[in-house]
Amino acid sequence: MENYNQTSTDFFLLGLLPPSKIGLFFSSLSVLMFLMALLGNLSMVFLIVLDAHLHTPMYVLLSQLSLIDLNYVSTTVPKMAFNYLLGNKSISFIGCGVQSFFFVTLAGTEGLLLTCMAYDRYVAICFPLHYPTRMSKRVCVLMIAGSWITGASNSFAHTVYVLHIPFCQSRTINHFFCDIPAMMTLACMDTWFYECTVFASTIFLLVLPFIAIICSYGWVLLTILRMRSAAGRKKAYWTCSTHLTVVTLFYAPFAYTYLRSRSLRSPTEDMILAFFYTILTPVLNPIIYSLRNKEVMGALGRVIQRIHSVKM
């Protein structure tokens with residue numbers, strides 16, 4: 001492990017890879033994926049905002065998911081790439097706290113938002129006649145606001161606690177961003193109780209929502225199997241399988257990382273999983289939701305046509 005000046009209050013991020021040709025390649029790849037995620041998620045947000053046909057609860061929730069993914073990559077990748085290319089691994093105490101706050105906020109909010117999206121599909125497919133009342137504009141806004149407020153409140157409590165614990169002489173974080181569990185390894189105190197609160201938060205914001213999603217899609221699957229229309233079954237199956245793919249990409253690495261005790265975790269494994277859900281997933285989500293989605297592709301065509309007609 002490299003030695004750094006430990007007299008300041010700054011933290012030092014070791015990063016995902018050491019300086020080498022392979023490291024430079026993966027760093028460049030991360031920047032490319034960052035740009036792809038920005039383009040894909042920004043396009044999805046603007047498309048949903050600009051096209052009136054997509055002003056439905058399903059796509060409003062999807063626009064929030066894209067907004068979260070947009071912030072995910074913006075919270076971690078620029079700093080990681082900047083540190084690697086300039087060889088400056090430091091991050092200020094306040095900067096580390098801000099990065100942790102936004103990361104935990106986005107993670108908690110996305111877990112709850114995916115549950116809201118599952119409920120939306122559950123109501124739309126299992127109770128189509130009640131959909132306008134059960135998923136009204138007011139209900140949709142409350143779901144979104146509740147997800148963001150809960151995620152931010154949980155993050156605020158964790159971030160404030162972590163920033164007030166005594167750290168040992170070493171402030172070198174074996175990660176590419178200020179991940180709270182990685183920071184806890186530097187604490188000069190027993191963190192058993194706090195680790196229990198992290199476990200409880202993971203259960204509340206990840207495990208319970210995941211169970212709710214699985215249960216809702218169990219009912220959805222039974223409803224799909226009873227549909228008489230082959231076209232209706234195909235559309236419902238595609239919509240649900242798309243969402244379940246995104247749910248799996250998000251929950252699997254998070255649960256595997258945060259539900260294990262510190263003794264069973266390795267920094268390298270944690271960083272690889274973090275790379276997956278902070279960089280790879282935001283790149284894949286817009287592709288998954290737009291691929292073979294006739295409504296999204298139709299909206300894209302209408303927006304392009306509108307822009308072209310304005311230029312003419």
**OP:** Please examine the side chains of Ile125 and Trp219, heavy atoms only from C-beta on, and report whether any two atoms are closer than 4.5 Å.
**Re:** no
Original post:
Should the pair His130 and Phe127 be assigned to parallel (<30°), tilted (30 to 60°) or perpendicular (>60°) ring geometry?
Top reply: perpendicular
Original post:
How long is the gap from CZ on Phe276 to CG on Leu249, to the nearest 0.5 Å?
Top reply: 5.0 Å
Original post:
Taking all non-hydrogen atoms of both residues, which atom of Phe250 and which atom of Ala107 are closest, and how far apart?
Top reply: CZ-O, 3.4 Å
Subject >> Working for side-chain contact (heavy atoms from CB on, under 4.5 Å), residues Ser266 and Asp270 >> reply: CA-CA 6 Å; Ser266 71; Asp270 285 353; 5.8 Å; no
Subject >> Residue from Thr278, Thr281, Asn285 passing side chain to side chain donor-acceptor pair (under 3.5 Å) with Asp69 >> reply: Asn285
Original post:
Are Ser74 and Phe34 side-chain neighbours, meaning at least one heavy-atom pair lies under 4.5 Å?
Top reply: yes
Original post:
Does Thr76 reach the main-chain N or O of Tyr72 with its side chain, forming a donor-acceptor pair under 3.5 Å?
Top reply: yes
**OP:** Could you tell me whether a side-chain N or O of Ser155 sits under 3.5 Å from a main-chain N or O of Phe101, the two making a donor and an acceptor?
**Re:** yes
Subject >> Validation row: Thr185, Asn174 side chains within 4.5 angstrom (heavy atoms) >> reply: no
**OP:** For Asn41 and Pro286, indicate whether the former's side chain and the latter's backbone hold a donor-acceptor pair under 3.5 Å.
**Re:** no
Original post:
So how far is it from Asp10 CG to Cys96 SG, rounded to the nearest 0.5 Å?
Top reply: 9.5 Å
**OP:** Might you work through the side-chain contact (heavy atoms from CB on, under 4.5 Å) test for Thr109 and Ile68, ending with a clear yes or no?
**Re:** CA-CA 8 Å; Thr109 303; Ile68 289 173; 3.7 Å; yes
**OP:** First locate atom CD1 of Ile22, then atom CG of Leu29, and finally report the distance between them rounded to the nearest 0.5 Å.
**Re:** 13.0 Å
Original post:
How about Phe102: does its CZ atom have over 12 heavy atoms from other parts shown lying under 6.0 Å from it?
Top reply: no
Original post:
So Ser216 and Arg121, side-chain contact (heavy atoms from CB on, under 4.5 Å) or not? Walk me through it.
Top reply: CA-CA 9 Å; Ser216 66; Arg121 292 301 85 202; over 6 Å; no
**OP:** Write down the atom of Ala118, the atom of His243, and the distance for their closest heavy-atom approach.
**Re:** N-NE2, 3.6 Å
Original post:
Is Lys89 reaching over with its side chain to a backbone N or O of Leu14, donor-acceptor style, under 3.5 angstrom?
Top reply: yes
Original post:
Between Phe82 and Ile173, is there a shared hydrophobic cluster once you connect ILVMFWY residues whose side-chain heavy atoms come closer than 4.5 Å?
Top reply: no
Original post:
So which heavy atom on Met117 is nearest to which on Tyr217, and how close?
Top reply: O-OH, 4.5 Å
Subject >> Minimum heavy-atom distance between Pro209 and Leu112, given as atom pair plus value >> reply: CG-CD2, 4.2 Å
Original post:
When you measure from the side chain of Gln99 to the backbone N and O of Thr75, does any donor-acceptor pair fall under 3.5 Å?
Top reply: yes
Original post:
Taking the six-membered ring for Trp, are the ring centroids of His158 and Tyr194 within less than 6.0 Å of each other?
Top reply: yes
**OP:** Indicate yes or no: at least one non-hydrogen side-chain atom of Met58 is less than 4.5 angstrom from one of Leu62.
**Re:** no
Subject >> Main-chain N/O of Ala212 paired to Tyr119 side chain as donor or acceptor, under 3.5 Å >> reply: no
Subject >> Chi angles and distances behind the side-chain contact (heavy atoms from CB on, under 4.5 Å) call for Cys188, Ile165 >> reply: CA-CA 8 Å; Cys188 289; Ile165 64 174; over 6 Å; no
Original post:
Which class fits the ring pair Phe93 and Phe11: parallel under 30°, tilted 30 to 60°, perpendicular over 60°?
Top reply: parallel
**OP:** Verify the neighbour count for atom OH of Tyr161: are there more than 12 heavy atoms of other residues, nucleotides or ligands below 6.0 Å?
**Re:** yes
**OP:** Indicate if Tyr84 and Leu280 have the same hydrophobic cluster label, given that clusters are the connected sets of ILVMFWY residues with side-chain heavy-atom separations under 4.5 angstrom.
**Re:** no
Original post:
Could you state the interatomic distance from CD1 (Ile48) to OG (Ser66), rounded to the nearest 0.5 Å?
Top reply: 5.5 Å
Original post:
Shortest non-hydrogen contact from Arg134 to Val139?
Top reply: O-CG1, 3.4 Å
Original post:
Is Ser100 reaching over with its side chain to a backbone N or O of Cys178, donor-acceptor style, under 3.5 angstrom?
Top reply: yes
Subject >> Side-chain donor/acceptor of Asn71 to backbone N/O of Leu67, under 3.5 Å >> reply: yes
Subject >> Hydrophobic cluster membership, Phe46 vs Met297, 4.5 Å side-chain cutoff >> reply: yes
Subject >> Distance in Å, Met143 CE paired with Arg138 CZ, rounded so as to fall on 0.5 Å steps >> reply: 12.0 Å
Subject >> Validation row: Ile180, Val104 side chains within 4.5 angstrom (heavy atoms) >> reply: yes
Original post:
Looking at His53, Glu295, Met44, which hits side chain to side chain contact (heavy atoms under 4.5 Å, CB included) with Tyr59?
Top reply: Glu295
Original post:
Cluster question for you: counting only ILVMFWY and a side-chain heavy-atom cut-off of under 4.5 Å, with indirect links fine, are Val45 and Val283 together?
Top reply: no
Subject >> Separation between OG1 of Thr105 and CZ of Phe156, rounded to the nearest 0.5 Å >> reply: 10.5 Å
**OP:** Apply ring-ring contact (aromatic ring centres under 6.0 Å, His included) to the pair Phe254 and Tyr277, showing each step before the final yes or no.
**Re:** CA-CA 8 Å; Phe254 255 113; Tyr277 56 72; 4.0 Å; yes
Subject >> Shared hydrophobic cluster, Leu38 / Val49 (ILVMFWY, side-chain heavy atoms < 4.5 Å) >> reply: no
Original post:
Any donor-acceptor pair under 3.5 Å linking the side chain of Thr191 with the backbone of Ala187?
Top reply: no
Original post:
How close do Gly15 and Met271 get, heavy atom to heavy atom, and via which atoms?
Top reply: O-SD, 3.3 Å
Subject >> Flag, side chain of Thr150 to backbone of Ser147, donor-acceptor distance under 3.5 Å >> reply: no
**OP:** For residues Phe167 and Val162, determine if any side-chain heavy atom of one lies less than 4.5 Å from a side-chain heavy atom of the other.
**Re:** yes
